Protein chains: 2
Amino acid sequence: MKIQELAEKIGLSVHTIRYYEKEGLLDERHVQREKNNYRTYSDEAIERLKLIKKFQGIGCSLIELKDILQDHDTNTRTNQQVIEWILQKINEIERKKEEFDRMLETLNFMLTYRVTLETDPEKARSLLAAAKLNSGK
Amino acid sequence: MKIQELAEKIGLSVHTIRYYEKEGLLDERHVQREKNNYRTYSDEAIERLKLIKKFQGIGCSLIELKDILQDHDTNTRTNQQVIEWILQKINEIERKKEEFDRMLETLNFMLTYRVTLETDPEKARSLLAAAKLNSGK
DNA sequence: GTAAACTATAGAGTGAACTCTAAGGCAAGC
DNA sequence: GCTTGCCTTAGAGTTCACTCTATAGTTTAC
C-alpha cells in the first residue's frame with residue numbers, strides 16, 4: 001500500500017510516517033521502494049505504527065522506541081537490556097495508574113465543589129475550607 | 001517565602017516558577033511583590049504548583065490549566081464549562097487507564113518473548129508466530 | 001565594605017515531535 | 001496530451017515547556 005492509504009488507515013499524516021522512517025522507527029520489513037521510488041508499506045507497517053502510537057500514549061519518546069523496537073538480531077541493545085527496559089516500563093505504568101487514581105479523587109472533589117457551587121455556594125465554600133484543613137494535616 | 005525556597009520545596013526551578021507566573025498560572029493569592037520588587041509566595045502557591053504538577057502528569061497543557069484553575073469569580077469560563085471539562089477529564093483518565101492495562105498486556109507478552117529467547121529461541125519464535133495469528137483475527 | 005549569593009528582567013536557545021513549503025517527478029482519468 | 005492528484009526530497013517553521021544567558025539591582029555573611 002502507498003503512503004496515503006497507510007496514513008488514513010492508522011490516522012497519522014504522511015509527513016509523520018516519513019518522519020518516523022527517517023528517525024529509524026521503520027525498516028525494510030515495513031517499507032520498501034518501488035521502481036518509481038515510491039514507498040510501499042507492508043501490513044507489518046500498520047502493526048508497527050499502531051505499536052508506536054500505543055507506546056507514545058504511555059509517554060515513550062521516539063528515540064527510546066527506536067532503541068527498543070529493533071529486532072533482537074540488531075544488537076544495539078542486548079536482550080538483557082531490553083528485558084530491563086520492559087520491567088522498568090511495567091513499573092512506570094503501575095505507578096502512573098496509581099497517580100491516575102489519585103487524580104480521579106482530586107477531580108471528583110473538584111466536581112463536587114463545582115456542582116455544589118451551582119446550588120449552594122455557602123456549602124461549597126465550607127467544602128473548600130474542609131479540604132484545606134485536610135491537605136494541611 | 002522567596003522563590004528559591006519555594007523551588008526547593010516543590011522540586012521546580014526558579015525559572016519554571018517565574019515562567020508559570022508569566023503564563024498566568026499564579027495570581028495574587030500565590031505571589032506578591034515586596035518593596036524591593038522580590039516575589040513572596042504564600043502557602044497557597046505550594047498547593048497550586050503541586051496541583052499543576054499533578055495535572056501535568058496526566059497530560060494537561062499549561063494553557064488548559066490556566067483556563068481551568070482560575071477561581072470561579074474570574075469569568076473566563078463559566079462554572080458549567082468547568083464542570084464539563086472535569087467530566088471530560090475524568091472520562092479521559094478512565095480511558096487512559098484502560099489503555100495502560102492493554103499496554104501492560106503487550107509489555108508482558110514482550111517480556112515473555114524476550115525471556116524465552118534467552119533459553120529457548122525456537123519456542124520464542126513460535127510465540128511470535130502465534131501472536132501474529134492472534135493479531136490478525 | 002566588599003564579595004558571594006540572591007533577586008529581577010528581557011530575550012535567546014533547546015529538544016521533541018511534528019507540520020508545512022517549495023520544487024520537482026510520476027500516474028490516472030478524461 | 002493535459003490536468004489533477006499523489007509521490008519524492010530537503011529544509012524551514014511551529015508549538016510546547018522549559019532552560020539558560022546577560023545584565024543589573026539587593027541582601028547577607030564575614
Side-chain angles (χ1 to χ4, degrees), chain A residues 1-28 30-42 45-46 48-69 85 89 92 96 99, chain B residues 1-28 30-42 45-46 48-70 89 92 96 99:
Chain A
M1 103 200 71
K2 277 186 281 183
I3 195 161
Q4 191 161 337
E5 193 186 336
L6 177 65
E8 278 159 15
K9 257 181 190 153
I10 54 172
L12 288 174
S13 74
V14 295
H15 300 291
T16 303
I17 293 170
R18 282 193 283 250
Y19 171 69
Y20 283 176
E21 184 185 342
K22 207 179 72 187
E23 294 300 303
L25 288 157
L26 303 176
D27 61 33
E28 60 288 346
H30 314 108
V31 56
Q32 305 258 330
R33 294 300 180 119
E34 301 199 31
K35 276 168 223 145
N36 58 14
N37 200 33
Y38 284 17
R39 290 171 180 85
T40 322
Y41 295 91
S42 67
I46 299 176
R48 167 60 63 111
L49 289 167
K50 278 185 185 167
L51 194 61
I52 292 170
K53 278 181 95 176
K54 260 192 175 185
F55 272 113
Q56 288 227 101
I58 62 162
C60 295
S61 72
L62 297 183
I63 289 165
E64 206 177 358
L65 288 181
K66 183 191 160 173
D67 266 20
I68 295 306
L69 289 181
W85 181 87
K89 275 293 150 194
E92 255 174 54
K96 274 242 164 155
E99 197 187 323
Chain B
M1 108 200 67
K2 276 187 282 184
I3 195 161
Q4 191 162 338
E5 194 186 336
L6 177 65
E8 279 158 16
K9 258 181 189 152
I10 54 172
L12 288 174
S13 75
V14 295
H15 299 292
T16 304
I17 294 169
R18 282 194 283 249
Y19 170 68
Y20 284 176
E21 184 185 343
K22 208 179 71 188
E23 295 299 305
L25 288 157
L26 304 176
D27 61 34
E28 60 287 346
H30 313 107
V31 56
Q32 305 259 331
R33 294 299 181 119
E34 300 200 32
K35 275 167 225 145
N36 58 13
N37 200 34
Y38 284 17
R39 291 171 179 85
T40 322
Y41 295 90
S42 67
I46 300 176
R48 166 61 62 114
L49 289 167
K50 278 184 185 166
L51 195 59
I52 291 170
K53 278 180 94 176
K54 260 192 176 184
F55 273 112
Q56 288 226 101
I58 61 160
C60 295
S61 73
L62 297 183
I63 288 165
E64 205 177 359
L65 288 180
K66 182 190 161 173
D67 266 19
I68 294 306
L69 288 180
Q70 300 194 331
K89 274 294 150 194
E92 251 173 57
K96 274 239 165 158
E99 196 188 322

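Note that this is a predicted model, so its numbers are computed, not measured. By convention in this document, chain letters (A, B, ...) are assigned in the order of the sequence lines, proteins followed by strands, and residues within each chain are numbered from 1.
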S.K.: Taking CD1 from A:Ile10 and P from C:dC18, how many angstroms apart are they, rounded to a whole number?
M.R.: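 Nearest whole value for this atom pair: 11 Å.
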S.K.: Only one of A:His30, A:Arg33, A:Lys2, A:Glu34 passes side-chain hydrogen bond (donor to acceptor under 3.5 Å, both in side chains) with A:Thr40; say which it is.
M.R.: A:Glu34
S.K.: Counting primed atoms plus P, OP1 and OP2 as sugar-phosphate and everything else as base, spell out the protein contacts along nucleotides 16-22 of chain D at 4.0 Å heavy-atom distance: B, S or - for each nucleotide, 5' to 3'.
M.R.: SBB-BB-
S.K.: Figure out the CD/C1' separation between B:Glu23 and C:dG11, and round it to whole Å.
M.R.: 14 Å
S.K.: Take atom NZ in B:Lys54; do more than 12 heavy atoms of anything else shown fall under 6.0 Å from it?
M.R.: yes
S.K.: What string of B, S and - do you get for nucleotides 2-9 of chain D 5' to 3' if you count protein non-hydrogen atoms under 4.0 Å?
M.R.: ----BSBB
S.K.: Is there a side-chain contact between B:Ile52 and B:Leu49 in this structure, where contact means two heavy atoms from C-beta onward sitting under 4.5 Å apart?
M.R.: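 Answer yes - side chains close enough.
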S.K.: Should the pair B:Glu92-B:Lys96 be classified as a salt bridge under the 4.0 Å nitrogen-to-oxygen rule?
M.R.: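 Not counted as a salt bridge, because no side-chain N and carboxylate O are separated by less than 4.0 Å.
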S.K.: Rounded at 0.5 Å granularity, tell me how far CG in A:Leu26 sits from CZ in A:Arg18.
M.R.: 12.5 Å
S.K.: Go through A:Asp67 and A:Trp85 one step at a time and tell me if the side-chain contact (heavy atoms from CB on, under 4.5 Å) criterion holds.
M.R.: CA-CA 10 Å; A:Asp67 266 20; A:Trp85 181 87; over 6 Å; no
S.K.: Roughly, in whole Å, what's the span from CD1 in A:Ile17 to C1' in C:dT19?
M.R.: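 Answer to the nearest Å: 14 Å.
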S.K.: Mark yes or no for whether A:Lys53, through its side chain, and A:Leu12, through its backbone, hold a donor-acceptor pair below 3.5 Å.
M.R.: no
S.K.: Given side-chain contact (heavy atoms from CB on, under 4.5 Å), test B:Tyr41 with B:Ile17 step by step and report yes or no.
M.R.: CA-CA 11 Å; B:Tyr41 295 90; B:Ile17 294 169; 3.4 Å; yes
S.K.: Between B:Met1 and B:Ile46, is the side-chain contact (heavy atoms from CB on, under 4.5 Å) condition met? List the steps.
M.R.: CA-CA 10 Å; B:Met1 108 200 67; B:Ile46 300 176; 3.8 Å; yes
S.K.: Tell me, with the steps shown, if A:Ile68 and A:Phe55 meet side-chain contact (heavy atoms from CB on, under 4.5 Å).
M.R.: CA-CA 11 Å; A:Ile68 295 306; A:Phe55 272 113; 5.7 Å; no
S.K.: In degrees rounded to 10°, what angle is found between the helical axes fit to the five outermost pairs at each end of the helix from C:dG1-D:dC30 to C:dC30-D:dG1?
M.R.: 0°
